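Below: the structure, in structure tokens.
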Amino acid sequence: WIESHKNAPFYLNYWMFSVHAPFDAKKALIEKYRTRVDPDDPQRSPTYAAMIESLDQSVGRVLARLEALGIAERTIVVFTSDNGGYVGYGGNSGATWNGPLRLGKGSCYEGGHRVPLVIRWPSVAPAGSVCREPVVSVDLYPTILALTGVRGDAKHNAAVDGADITPLLRQTGTPARDAIYWHYPHYNILPQTPYGAVRQGDYKLIEFDEDQRIELYNLKDDLGETTDLAGQMPQLAGALRARLATWRESVGAQMPQPNPNYDATRADQRP
């Protein structure tokens with residue numbers, strides 16, 4: 001596909017299944033990593049390790065093709081993930097471990113949504129540079145428009161949640177905002193109830209929709225989110241909570257509603 005589009009601008013979105021459950025991989029790679037397993041390490045799955053190597057090979061094939069076609073220097077590459085590693089709730093999965101981050105996939109804590117983001121922009125973003133500014137996945141759309149000089153659709157652009165992060169890539173400044181927000185009105189694979197969150201600077205506030213309780217963490221001093229500061233810093237917690245409510249209203253966020261047919265005696269039954 002890349003070769004057939006090499007002479008014109010193109011956009012390629014390539015979502016690899018690896019790494020994801022159910023875990024399976026090339027047998028030779030599984031055996032390669034089986035010899036390296038440490039039974040005391042929470043990250044001890046040779047199959048998962050083999051899946052990661054296959055993913056790495058696939059990314060390498062894409063990059064190698066760009067080089068072979070002579071278009072690597074004018075192609076922007078973005079590598080990221082959609083969620084944190086699955087750690088297995090009720091016991092470690094053995095596949096991956098997010099420590100020192102708290103929990104993993106599906107969680108409101110950093111282990112659930114702090115993911116890799118690597119952007120290669122030849123001749124602009126300095127190779128090997130590291131940026132510590134938090135960004136969010138919805139930033140990618142306006143950023144890709146800015147990177148490519150494409151105007152996009154004015155009707156849809158008016159409702160874009162994200163911010164252009166090209167100033168970070170150019171190392172000329174920061175996005176035009178002072179906080180990031182996310183809204184998760186769902187239940188998930190662990191006892192994760194619907195919630196919303198806001199991060200401003202080093203502080204992150206979580207509001208749980210079921211009982212309206214809040215938690216506040218200083219991610220600079222407490223990356224593992226072990227100490228809830230909401231009671232110690234009520235003014236900051238209140239201000240962030242108000243900002244979260246204002247943002248949700250501004251984007252028309254749908255809030256979960258009580259189910260009028262809820263029956264506690266049947267809630268945990270399976271078909």
Side-chain angles (χ1 to χ4, degrees), residues 1-6 10-69 71-72 75-122 125 127-132 134-137 140 144 184 186-192 223-225:
W1 190 92
I2 293 175
E3 190 157 355
S4 66
H5 291 77
K6 65 181 180 180
F10 67 80
Y11 173 79
L12 170 63
N13 200 94
Y14 179 28
W15 291 105
M16 286 168 279
F17 179 82
S18 183
V19 291
H20 199 282
F23 301 144
D24 195 11
K26 298 173 182 177
K27 303 308 178 186
L29 289 179
I30 294 175
E31 292 306 314
K32 169 185 173 181
Y33 288 103
R34 196 182 304 279
T35 62
R36 306 184 187 184
V37 170
D38 178 354
D40 296 324
D41 193 322
Q43 195 163 266
R44 57 181 181 272
S45 169
T47 303
Y48 199 80
M51 294 175 74
I52 292 174
E53 180 164 338
S54 286
L55 179 146
D56 187 49
Q57 291 172 348
S58 296
V59 173
R61 291 175 64 194
V62 173
L63 299 181
R65 179 57 60 181
L66 295 175
E67 293 285 353
L69 295 174
I71 60 175
T75 302
I76 299 161
V77 178
V78 179
F79 176 88
T80 190
S81 178
D82 58 344
N83 53 252
Y86 175 61
V87 297
Y89 303 101
N92 178 28
S93 69
T96 188
W97 190 247
N98 301 313
L101 306 180
R102 183 173 174 181
L103 294 183
K105 176 179 179 177
S107 166
C108 62
Y109 302 110
E110 293 295 285
H113 49 252
R114 184 183 286 240
V115 298
L117 174 61
V118 181
I119 300 178
R120 188 177 78 170
W121 189 9
S129 57
V130 177
C131 177
R132 302 295 183 187
V135 298
V136 64
S137 58
L140 291 179
I144 289 171
Y184 196 84
H186 310 289
Y187 293 86
N188 209 294
I189 52 179
L190 71 157
Q192 177 61 68
L223 185 60
E225 295 168 288

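Here the structure is a predicted model, which is why all the values come from computation and not from measurement.
- For the residue pair Tyr109 and Ser107, the shortest heavy atom distance occurs at N-OG, 2.9 Å.
- Closest of all the heavy-atom pairs between Leu29 and Ala50 is CB-CB, 3.5 Å.
- When side chains are defined from C-beta on, His113 does not count as touching Val136, because their heavy atoms never get closer than 4.5 Å.
- No hydrogens or angles considered: a donor-acceptor pair under 3.5 Å links the side chains of Glu53 and Tyr33.
- Annotation for Leu69 and Lys6: closest pair CD2-CD, 3.9 Å, computed over non-hydrogen atoms.
- At least one side-chain heavy atom of Lys26 sits less than 4.5 Å from a side-chain heavy atom of Ser54.
- Considering only heavy atoms from C-beta on, Leu63 comes within 4.5 Å of Arg120 through its side chain.
- Across all non-hydrogen atoms, the minimal contact from Arg114 to Leu101 is CD-CD1, 3.7 Å.
- The shortest distance between side-chain heavy atoms of Pro46 and Arg36 does not fall below 4.5 Å.
- Taking both residues in full, the closest heavy atoms of Tyr48 and Thr96 are given as CE2-CB, 3.8 Å, listed atom of the first, atom of the second, then distance.
- For the pair Tyr14 and Ile2, the minimum side-chain heavy-atom distance is 4.5 Å or more.
- Gln192 and Gly106 get closest at one heavy-atom pair: CG-O, 3.1 Å.
- For the pair His20 and Lys105, the minimum side-chain heavy-atom distance is below 4.5 Å.
- Under the 4.5 Å side-chain criterion, counting only non-hydrogen atoms from C-beta, Ile76 is in contact with Ile119.
- The aromatic rings of Trp1 and His5 sit parallel to each other, their planes meeting at less than 30°, with 60° as the upper class boundary.
- Side-chain contact check for Asn98 versus Leu103: every heavy-atom pair is 4.5 Å or farther apart.
- One finds the OH atom of Tyr11 at 4.5 Å from the CD1 atom of Ile144 (value rounded to the nearest 0.5 Å).
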